[in-house]
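Just the heavy atoms: all of them, side chains too, but no hydrogens, waters or symmetry mates, feed the values below.
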Amino acid sequence: MKIIDVVIIIGAFTILSYSINLPYTGQHDWNSVMYANIARNHLRYGLLQTKLGMLTTYDRVTPDLFGFFTHYPPLMPLLLALSFFLFGITQWAGRLVPILSSVVMIYFLFKLAQSLWDTRTGILTGIFLVFSPMLLYYSKIPVHETVVLGFLAMTLWFYIRWLKSGSRQDYWLMFVNLLLSQLTSWAGFYLSGYLPVHAIINSRSNLSKRKWFLTGIFILAPVIFILHNLHVFWLEGVKAQQSMFEVMLFRLNIGATAKPYGLTLSSFIDRQAYWINLYFTPIMITLSLIWLIVFISRRASRIKLALPESIIFLLLVFGFTHNLIFRHLAFIHDYMLIYALPFFALSSGVTLNWLYGLAIKKTRFAPAGILVILTTFILAGLPLVKQLFHSGDNNPAYRLGLSLNQSTKSGDTIIITSIEFMRFYDIFLRFYSDRVISATDKLRPSDFTNYDHIVMPKSYNFLSDADRQFLYNHYTHADIAGGTLFDTRQPL
């Protein structure tokens, strides 16, 4: 490993680790608390009891109350559990997993650009990756789409090496990383189709020797899909398949549950364009468009497709496949565009290096021009990144949840006097309290016997004055962060 490799790895890790211990309260951090809870359950119950499945329950419950999330392959929460096992169940240990995955992606895309073009292109690509608003924020969200990035990049790197060398070692390294990609996220499945097609286009002379290897790549996706379905059937029975089918229709924008969102083709395109401009910045978009225009003009001129060009085009197709298929998913979740980041970064790096090569022949100020472009790119994204980092500052469930965890015992039954509060913050409150919590807007006599504690939050509390007065007059209470805790076992 050369010095430049070490600089890329350490530099990327240092930059992306900013705010690594930020509470799980920000934009789309509901993913963080959801999967951190699943990982915590792996450690709490052990892999034999969770059966490697995504167990979603809170507190310690008996197996007959287990419930599993079955819509994704199981590897990502297992990696989180490993990090928790090594470093403790902390926010930074959870965020470390996607950060490491992002650093791995940056390094191997740097190596790819260096191999197919030159070192300067690799460095420029690395800069566009590291400082993109998309990665600066979402590299710290432990979700399938971020954790799979490293496996995808390694798959592509070893695929290119295998394509050039035919080495069995490179093939199996590619195969293993493709397998890990597909065990982490559905996006890895697309490469089982795209890589064989790309190999056929780029290595026709060697197809007879490689057809069995390409077949192995192609059949991996259906094999993993079948195994996943068998796994979730083992966990939840036939209702797992029913749930997956219903969610698939919803994500495809089909059926009654999807209609209230009012998703149309024009609204989908408008939102995707808005987010692309927001997260990839006008500079990256412009440079990528220049590359695409040149690419199309070369094809129109019947210039033979070179391997480096075909790799960028592969990243373009791959980057937007998931969003085009599951439009409803992409319409709701901006971070689904993270799959397009490698295309934007690599095409921007290649184009900027090409422009530099043209400019340096005419002016000695070319390096200064490149520096201005990169500085403008970085500064353009910082206001958005700052806003994203502060998006969870006013989340009331964080402190209230921690207080409930400290003020109650495992197994205590709790009800909070605000359905509206739980509509917005239920997953955050349940994760940080690690308690099973119900909700109501109106107290009933049975609540005082069915629950050990009643929580009255400071925000979103619509409890009547009469109910409030009754609680204060009849039960001991304690003011905790974010609310008031009443103990129904200790009447006044």
Could you tell me how the ring of [X] sits relative to the ring of [Y]: parallel (under 30°), tilted (30 to 60°) or perpendicular (over 60°)?
X: Phe295; Y: Trp291; value: parallel
X: Tyr190; Y: Phe318; value: perpendicular
X: Tyr24; Y: Tyr432; value: tilted
X: Phe280; Y: Phe344; value: parallel
X: Trp92; Y: Phe87; value: tilted
X: Trp157; Y: Phe108; value: tilted
X: Phe343; Y: Phe320; value: perpendicular

Can you give me the closest heavy-atom contact between [X] and [Y], atom names plus distance?
X: Ser83; Y: Ala93; result: OG-O, 2.6 Å
X: Met336; Y: Leu329; result: CE-CD2, 3.5 Å
X: Tyr335; Y: Asn31; result: OH-ND2, 3.3 Å

Does the separation of the ring centres of [X] and [Y] fall below 6.0 angstrom?
X: His333; Y: Trp275; result: no
X: Phe424; Y: Tyr460; result: yes
X: Phe377; Y: Phe131; result: no
X: Tyr159; Y: His198; result: yes
X: Phe268; Y: His328; result: no

Contacts satisfying side-chain hydrogen bond (donor to acceptor under 3.5 Å, both in side chains) that involve residues 370-392 (not counting sequence neighbours) are His390-Asp393
Contacts satisfying salt bridge (charged side-chain N to carboxylate O under 4.0 Å, His left out) that involve residues 98-119 (not counting sequence neighbours) are Asp5-Lys111
Salt bridge (charged side-chain N to carboxylate O under 4.0 Å, His left out) pairs touching residues 296-325, sequence neighbours excluded, are Arg298-Glu309, Arg299-Glu309
Next item on the list: Mark yes or no: Arg251 above the aromatic ring of Phe326, with NZ or CZ under 6.0 Å from the six-membered ring centre and no more than 45 degrees from the axis.
Entry: no
| Would you say the side-chain atoms of Asp29 pair up with the backbone N or O of Gly26, donor to acceptor, closer than 3.5 Å? | yes
Do the side chain of Lys140 and the main chain of Leu136 share a donor and acceptor less than 3.5 angstrom apart?
-> yes
